[in-house]
Asks: 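One structure, pasted below without further comment.
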Amino acid sequence: QVQLVESGGGLVQAGDSLRLSCAASGRTFSGYTMGWFRQAPGKEREFVAGIRWSDGRTYYANSVKGRFTISRDKAKNTEYLQMNSLKPEDTAVYYCAAGELSLYRSPRASEHYDYWGQGTQVTVSS
């Protein structure tokens with residue numbers, strides 16, 4: 001029922017910035033958590049950032065804390081990932097995710113999300 005569409009990826013130089021967007025449709029998200037995961041070739045999908053829709057509580061991977069900012073626009077059912085000071089190791093396909101997570105389910109675990117976007121490529125050159 002829920003559809004997620006990512007946009008905003010691209011090719012940038014180290015130190016540059018990008019803003020990813022994820023537009024959601026199909027249901028209200030008042031009780032959801034939305035997040036971003038990424039996957040580089042040959043590596044497992046890893047958590048990047050998450051946000052609780054109701055109150056805006058945020059979660060970040062240590063590798064991006066201080067550089068990336070997740071936010072939401074409740075009126076547009078859209079989440080954003082502002083990525084600053086990009087590094088080559090940030091290169092990956094970035095996936096938007098959403099789910100009605102229970103309090104005991106960690107927002108950092110990919111298996112706890114029910115809906116996924118198709119992914120958008122972010123490439124950071126040195």
Side-chain angles (χ1 to χ4, degrees):
Q1 288 186 308
V2 175
Q3 295 178 314
L4 305 175
V5 180
E6 305 101 329
S7 62
L11 173 63
V12 298
Q13 290 277 96
D16 285 352
S17 298
L18 281 174
R19 189 181 75 155
L20 305 183
S21 300
C22 175
S25 62
R27 299 178 67 182
T28 180
F29 282 81
S30 61
Y32 277 66
T33 297
M34 296 189 69
W36 292 94
F37 291 76
R38 66 188 183 187
Q39 188 168 28
K43 300 182 66 177
E44 294 185 345
R45 186 173 299 186
E46 66 173 342
F47 172 79
V48 178
I51 186 166
R52 195 160 63 188
W53 209 252
S54 59
D55 61 5
R57 180 176 178 178
T58 57
Y59 310 83
Y60 293 97
N62 288 336
S63 59
V64 306
K65 193 171 297 182
R67 298 188 298 121
F68 292 8
T69 302
I70 189 170
S71 62
R72 76 207 195 283
D73 186 329
K74 297 178 71 175
K76 296 181 178 180
N77 276 346
T78 300
E79 68 164 348
Y80 305 94
L81 185 67
Q82 179 66 45
M83 305 185 295
N84 297 328
S85 301
L86 282 162
K87 305 174 181 179
E89 48 263 48
D90 295 318
T91 295
V93 177
Y94 283 70
Y95 296 91
C96 176
E100 193 173 10
L101 274 62
S102 301
L103 292 176
Y104 59 85
R105 300 210 294 178
S106 171
R108 303 174 183 271
S110 62
E111 62 265 29
H112 295 162
Y113 292 82
D114 299 311
Y115 307 101
W116 295 84
Q118 292 180 283
T120 185
Q121 177 71 47
V122 172
T123 303
V124 185
S125 62
S126 60

Asks: Out of curiosity, does Val64 fall in the hydrophobic cluster containing Phe37 (side-chain heavy atoms, cut-off under 4.5 Å, transitive links)?
Replies: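 No, separate clusters.
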Asks: Short question: side chain of Arg45, backbone of Arg38 - any donor-acceptor pair under 3.5 Å?
Replies: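 Checking the backbone N and O of Arg38 against the side chain of Arg45, no donor-acceptor pair under 3.5 Å is found.
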Asks: Do Ser110 and Trp116 have side-chain heavy atoms sitting under 4.5 Å apart?
Replies: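 Ser110 vs Trp116: side chains touch.
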Asks: What distance separates Glu79 CD from Leu4 CG, expressed to the nearest 0.5 Å?
Replies: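 Between atom CD of Glu79 and atom CG of Leu4 there are 8.0 Å.
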Asks: With the side chain counted from C-beta on, respond yes when Tyr60 and Val48 share a heavy-atom pair under 4.5 Å apart, and no when they do not.
Replies: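 Side-chain contact under 4.5 Å: no.
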Asks: Could you tell me whether Asp55 and Arg52 make a salt bridge, using a distance below 4.0 angstrom between a side-chain N and a carboxylate O?
Replies: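 Answer for the salt bridge query: yes.
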Asks: Do Tyr94 and Val12 share a hydrophobic cluster (ILVMFWY, side-chain heavy atoms under 4.5 Å, transitive)?
Replies: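 Yes, it is one cluster - the side chains of Tyr94 and Val12 are joined through contacts under 4.5 Å.
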Asks: For the ring pair Tyr59 and Phe47, is the centre-to-centre distance below 6.0 Å?
Replies: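 Between Phe47 and Tyr59, which both carry aromatic rings, the centre distance is not below 6.0 Å.
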Asks: Could you check Phe68 against Trp36 for ring pair (Phe, Tyr, Trp, His ring centres under 6.0 Å), going step by step and ending with a plain yes or no?
Replies: CA-CA 11 Å; Phe68 292 8; Trp36 292 94; over 10 Å; no
Asks: Applying the side chain to side chain contact (heavy atoms under 4.5 Å, CB included) criterion to Tyr80, which one of Lys76, Met83, Gln82 satisfies it?
Replies: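 Passing option: Lys76.
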Asks: Considering only heavy atoms from C-beta outward, does the side chain of Pro107 approach that of Leu101 to under 4.5 Å?
Replies: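 SC-SC contact between Pro107 and Leu101 confirmed.
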Asks: What is the minimum heavy-atom distance between Leu81 and Ala49, and which atoms define it?
Replies: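 In terms of heavy atoms, the two residues are closest at CD1-CB, 4.1 Å.
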Asks: Can Leu86 and Gln13 be said to form a side chain to side chain contact (heavy atoms under 4.5 Å, CB included), step by step?
Replies: CA-CA 8 Å; Leu86 282 162; Gln13 290 277 96; over 6 Å; no
Asks: Please check if the side chain of Thr120 supplies one atom and the backbone of Gly9 the other of a donor-acceptor pair under 3.5 Å.
Replies: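 Yes; judged by distance alone, with no hydrogens or angles, the pair exists.
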Asks: May I ask you to decide if Ser63's main-chain N or O and Arg67's side chain share a donor-acceptor pair within less than 3.5 Å?
Replies: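 Yes: the side chain of Arg67 pairs with the backbone of Ser63.
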Asks: With the 4.5 Å side-chain cut-off for hydrophobic clustering, are Tyr95 and Leu18 part of the same group?
Replies: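 Not linked; separate clusters.
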Asks: Is there a path of hydrophobic side-chain contacts, each under 4.5 Å between heavy atoms, that joins Ile70 and Tyr113?
Replies: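 No; Tyr113 is not reachable from Ile70 via cluster members.
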Asks: Nearest 0.5 Å, please: how far is OG in Ser126 from CD in Glu89?
Replies: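 Here the interatomic distance stands at 10.0 Å.
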Asks: Calculate, to the nearest 0.5 Å, the distance between atoms OG1 and CG belonging to Thr123 and Asp90 respectively.
Replies: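 So the gap between those two atoms works out to 11.0 Å.
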Asks: Between Trp53 and Arg72, is a side chain to side chain contact (heavy atoms under 4.5 Å, CB included) present by the stated rule, with each step listed?
Replies: CA-CA 7 Å; Trp53 209 252; Arg72 76 207 195 283; 3.5 Å; yes
Asks: Of all heavy-atom pairs between Ala98 and Met34, which one has the smallest distance, and what is that distance?
Replies: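 Distance-wise, the nearest heavy atoms are CB-CG, 4.0 Å.
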Asks: Answer yes or no: is there a donor N or O on one side and an acceptor on the other, between the side chain of His112 and the main chain of Ser106, under 3.5 Å?
Replies: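 Yes; judged by distance alone, with no hydrogens or angles, the pair exists.
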Asks: Please confirm whether the backbone N or O of Gly119 pairs with a side-chain atom of Glu6, one donor and one acceptor, at under 3.5 Å?
Replies: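 Checked: pair present.
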Asks: Between CD of Glu100 and CZ of Arg105, what distance do you get to the nearest 0.5 Å?
Replies: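 So the CD of Glu100 and the CZ of Arg105 are separated by 9.0 Å.
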